[in-house]
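Positions are given from 1 along the sequence. Predicted model only: the values in this text are computed from it and were never measured.
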Amino acid sequence: MIQIYNTLTKEKEDFKPLVDGKVSMYVCGPTVYNYIHIGNARSAIAFDTVRRYLEYRGYEVNYVSNFTDVDDKIIKASQETGLSVQEVTTKFIAAFYEDIAALNIKKASKNPRVMENMPEIIDFIAALVDKGYAYEAQGDVYYRARKFKDYGKLSGQSIDALEQGASERVQASDQGKKEDPLDFALWKSAKPEDIAWDSPWGQGRPGWHIECSVMAGKYLGKTIDIHAGGQDLEFPHHENEIAQSEAKNGQKFANYWMHNGFVTIGQDDEKMSKSLGNFVTVHELVKEIDPQIVRFLMATTQYRHPIRYSQANLDDAKANLNKLKTAVQNVRYRLEDAGDGALEAEVQEKVEELVVKFKVAMDDDFNTQNGITVVYELARELNIYAAREAVNRATLEYLLQNRSEE
């Protein structure tokens, strides 16, 4: 039985999908104004691994991951480059696909974009207004966070703590509009430089949080199996998604919430991020090293824990990956040399034991760190087998040669 650590309940739970044999999975994707960095890649790799393992275990996975293509950062990039918003987003979506292909990440079943779902976003917001969970203020629309009785249940924070933090984050543009500092924007009235759409509240564009609620519901259903993303999305993004979705639909939004740990950098283990300027883009890195080394490095730590990005760790990952490749190459050569293409029964039995051990490790909340330990053990067994077969083959050839000379 696969167990998943559920951020919502703060414990591991047996995985029971809504529909037997099928998994609905939504993973928050990138804001497409720049190339993805290694921290972004951690999330993509982690949940691609989860998806692949679920498929290996026989599940059919409907994997949806969005592109945020309407955002302040995109508008800023458009102004700085002279490109239109659409040109900026098209460029970096293409780059994203190129980068994930290099990292051997499977394409999502669907990559919806905000711009493609504007009517559904507007309808969703209107429904929240009708239910009294949202209100219009000078062309903006805000969600009444305090009205949702379970607000804070994902991050485990009290309303008082959230209110204090929210008071410190209120932007100048929201001053005098919000009923409560906790309230968050669902729709933003258009500024002169903005890309904008018509709505019942005037020209504007959606806030960040609403898009994932809409697209998860549209492409996967009102209740989904797994919602995943980086640890930094737990609050406020995922907290707000729950409030919006459950208020509108009257049912649970996601049964399992999964969050990957940060990629850190430097001696102080600082979180890698574009805002801190300490990031390394995948686009540049894969020009210098084998992308599979990056992927292998990410797999050496269980997805929920932080991982340090450093040259030393890359070098270790490269050396260990090469050892595994050598073991596979050696045993493949020996099997081809033997001519029957099959492992001996005793070796086959050992391999099957290790496969079971690997499944036990991965069933425990996709613990790749322990899973790779089993793979190392398998490589050692294969190396022993390959070396033994090489000795046996050399001895046989020597005996045959001496017999022919006699």
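Checked against side chain to side chain contact (heavy atoms under 4.5 Å, CB included), Glu60 has the following partners two or more places apart in sequence or in another chain: Lys22. Evaluation of the side chain to side chain donor-acceptor pair (under 3.5 Å) rule for Gln203 yields Asp198 as partners, not counting sequence neighbours. Under the side chain to side chain contact (heavy atoms under 4.5 Å, CB included) criterion, Thr68 pairs with Thr31, Asn66, Asp71, Trp208, Glu211, sequence neighbours left out. Residues meeting the side chain to side chain donor-acceptor pair (under 3.5 Å) test with Asn260, sequence neighbours left out: Ser43. Every side chain to side chain contact (heavy atoms under 4.5 Å, CB included) that Leu321 has, sequence neighbours left out, goes to Gln292, Ile293, Phe296, Lys325. Under the side chain to side chain contact (heavy atoms under 4.5 Å, CB included) criterion, Thr49 pairs with Ile45, Arg295, Met362, Thr368, not counting sequence neighbours. With sequence neighbours excluded, no residue forms a side chain to side chain donor-acceptor pair (under 3.5 Å) with Tyr35.
Looking only at distances, no side-chain donor or acceptor of Asn383 sits under 3.5 Å from a matching main-chain atom of Arg380. In terms of modelled atom types and a separation under 3.5 Å, the side chain of Asp225 and the main chain of Pro17 share no donor-acceptor contact. Between the Asn6 side chain and the Asn255 main chain, a donor and an acceptor come within less than 3.5 Å of each other. Formation of a donor-acceptor pair under 3.5 Å by the Asn322 side chain with backbone atoms of Lys318 is found in this model. A distance-only check finds no donor-acceptor pair linking the side chain of Thr89 to the backbone of Val32 [under 3.5 Å]. A side-chain donor-acceptor contact under 3.5 Å links Asp180 to the backbone of Leu182. With hydrogens and angles ignored, the 3.5 Å screen pairs no side-chain donor or acceptor of Gln3 with any backbone N or O of Tyr5.
Residues Leu382 and Ala327 come closest through the heavy atom pair CB-O, 4.5 Å. The two residues Pro291 and Leu103 make their nearest non-hydrogen contact at O-CD2, 3.6 Å. The two residues Ala216 and Ile224 have their closest heavy-atom pair at O-CG2, 4.3 Å. What you find for Asp363 and Met1 is that their closest heavy atoms are CB-O, 3.8 Å. Here the shortest heavy-atom pairing between Tyr219 and Asn62 reads O-ND2, 3.9 Å. Ser78 and Ser84 get closest at one heavy-atom pair: OG-C, 3.7 Å.
Pairs engaging residues 112-126 under the salt bridge (charged side-chain N to carboxylate O under 4.0 Å, His left out) rule: Asp69-Arg113, Glu120-Lys218 [sequence neighbours left out]. Evaluation of the salt bridge (charged side-chain N to carboxylate O under 4.0 Å, His left out) test over residues 83-105, restricted to residues two or more places apart or in two chains, returns none. Listed by first then second residue, pairs satisfying salt bridge (charged side-chain N to carboxylate O under 4.0 Å, His left out) with a partner in residues 5-21 read Lys12-Asp364, not counting sequence neighbours. The salt bridge (charged side-chain N to carboxylate O under 4.0 Å, His left out) pairs that include a residue from residues 34-45 number zero, where partners must be two or more places apart or lie in different chains.
Between Tyr56 and Arg52, the side chains place no donor N or O within less than 3.5 Å of an acceptor N or O (distance only, hydrogens not considered). Using a 3.5 Å distance cut-off with no hydrogens or angles, the side chains of Tyr63 and Asp48 do not pair a donor with an acceptor.
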Full working for side chain to side chain donor-acceptor pair (under 3.5 Å) between Gln369 and Thr301: CA-CA 5 Å; Gln369 186 169 352; Thr301 299; 4.9 Å; no
How far apart are the C-alpha atoms of Asp183 and Tyr135, what are their side-chain angles, what is the distance that settles it, and do they pass the side chain to side chain donor-acceptor pair (under 3.5 Å) test? CA-CA 10 Å; Asp183 297 348; Tyr135 58 95; 2.6 Å; yes
For the pair Tyr309 and Leu285, evaluate side chain to side chain contact (heavy atoms under 4.5 Å, CB included) and give the outcome as yes or no after the intermediate values. CA-CA 12 Å; Tyr309 174 83; Leu285 185 62; 3.5 Å; yes
Steps toward ring-ring contact (aromatic ring centres under 6.0 Å, His included) verdict (Tyr142, Phe184): CA-CA 5 Å; Tyr142 295 95; Phe184 57 89; 9.0 Å; no
Could you please spell out the steps behind the ring-ring contact (aromatic ring centres under 6.0 Å, His included) verdict for Phe47 and Tyr53? CA-CA 10 Å; Phe47 298 118; Tyr53 186 70; over 10 Å; no
Steps toward ring-ring contact (aromatic ring centres under 6.0 Å, His included) verdict (Phe96, Phe67): CA-CA 10 Å; Phe96 173 82; Phe67 288 127; 5.3 Å; yes
Using side chain to side chain donor-acceptor pair (under 3.5 Å), reason through Asn367 and Tyr303 one step at a time and then give a plain yes or no. CA-CA 7 Å; Asn367 195 328; Tyr303 76 92; over 6 Å; no
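Contact check for Lys252 versus Leu8: side-chain heavy atoms found under the 4.5 Å cut-off. Counting only heavy atoms from C-beta outward, the side chains of Asn330 and Tyr385 never approach each other to under 4.5 Å. Using a 4.5 Å heavy-atom cutoff, the side chains of Leu54 and Val50 are in contact. Leu297 places none of its side-chain heavy atoms less than 4.5 Å from the side chain of Arg308. Two residues are said to be in side-chain contact when any heavy atoms from C-beta on lie closer than 4.5 Å; Tyr133 and Lys248 fail this criterion. Contact annotation: the side chain of Arg205 approaches that of Ile75 to within less than 4.5 Å [non-hydrogen atoms, C-beta and beyond]. Looking at Gln244 and Leu186, their side chains come closer than 4.5 Å, going by heavy atoms from C-beta outward.
Distance CD1/Ile4 to CH2/Trp257: 13.5 Å, rounded to 0.5 Å. Separating the CD atom in Glu270 from the CD1 atom in Ile265 is a distance of 8.5 Å, to the nearest 0.5 Å.
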Show which side-chain atoms of residues 235-243 pair as donor or acceptor with protein atoms under 3.5 Å away, not counting sequence neighbours.
{"residue": "His237", "atom": "ND1", "partner": "His209", "partner atom": "ND1", "Å": "3.0"}
{"residue": "His237", "atom": "NE2", "partner": "Glu241", "partner atom": "OE2", "Å": "3.2"}
{"residue": "His238", "atom": "ND1", "partner": "His259", "partner atom": "NE2", "Å": "2.8"}
{"residue": "Glu239", "atom": "OE1", "partner": "Leu154", "partner atom": "N", "Å": "3.4"}
{"residue": "Glu239", "atom": "OE1", "partner": "Ser155", "partner atom": "N", "Å": "2.8"}
{"residue": "Glu239", "atom": "OE1", "partner": "Ser155", "partner atom": "OG", "Å": "2.6"}
{"residue": "Glu239", "atom": "OE2", "partner": "Gly152", "partner atom": "N", "Å": "3.0"}
{"residue": "Glu239", "atom": "OE2", "partner": "Lys153", "partner atom": "N", "Å": "3.1"}
{"residue": "Glu239", "atom": "OE2", "partner": "Leu154", "partner atom": "N", "Å": "3.1"}
{"residue": "Asn240", "atom": "OD1", "partner": "Tyr151", "partner atom": "OH", "Å": "2.5"}
{"residue": "Asn240", "atom": "ND2", "partner": "His209", "partner atom": "NE2", "Å": "3.2"}
{"residue": "Asn240", "atom": "ND2", "partner": "Pro236", "partner atom": "O", "Å": "3.4"}
{"residue": "Glu241", "atom": "OE1", "partner": "His227", "partner atom": "NE2", "Å": "2.7"}
{"residue": "Glu241", "atom": "OE2", "partner": "His227", "partner atom": "NE2", "Å": "3.4"}

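Taking the six-membered ring where the residue is Trp, the centroids of Phe92 and Tyr97 are separated by 6.0 Å or more.
Cation-pi contact between Lys222 and Phe253: absent, since separation from the ring centre below 6.0 Å together with deviation from the ring axis within 45° is not met.
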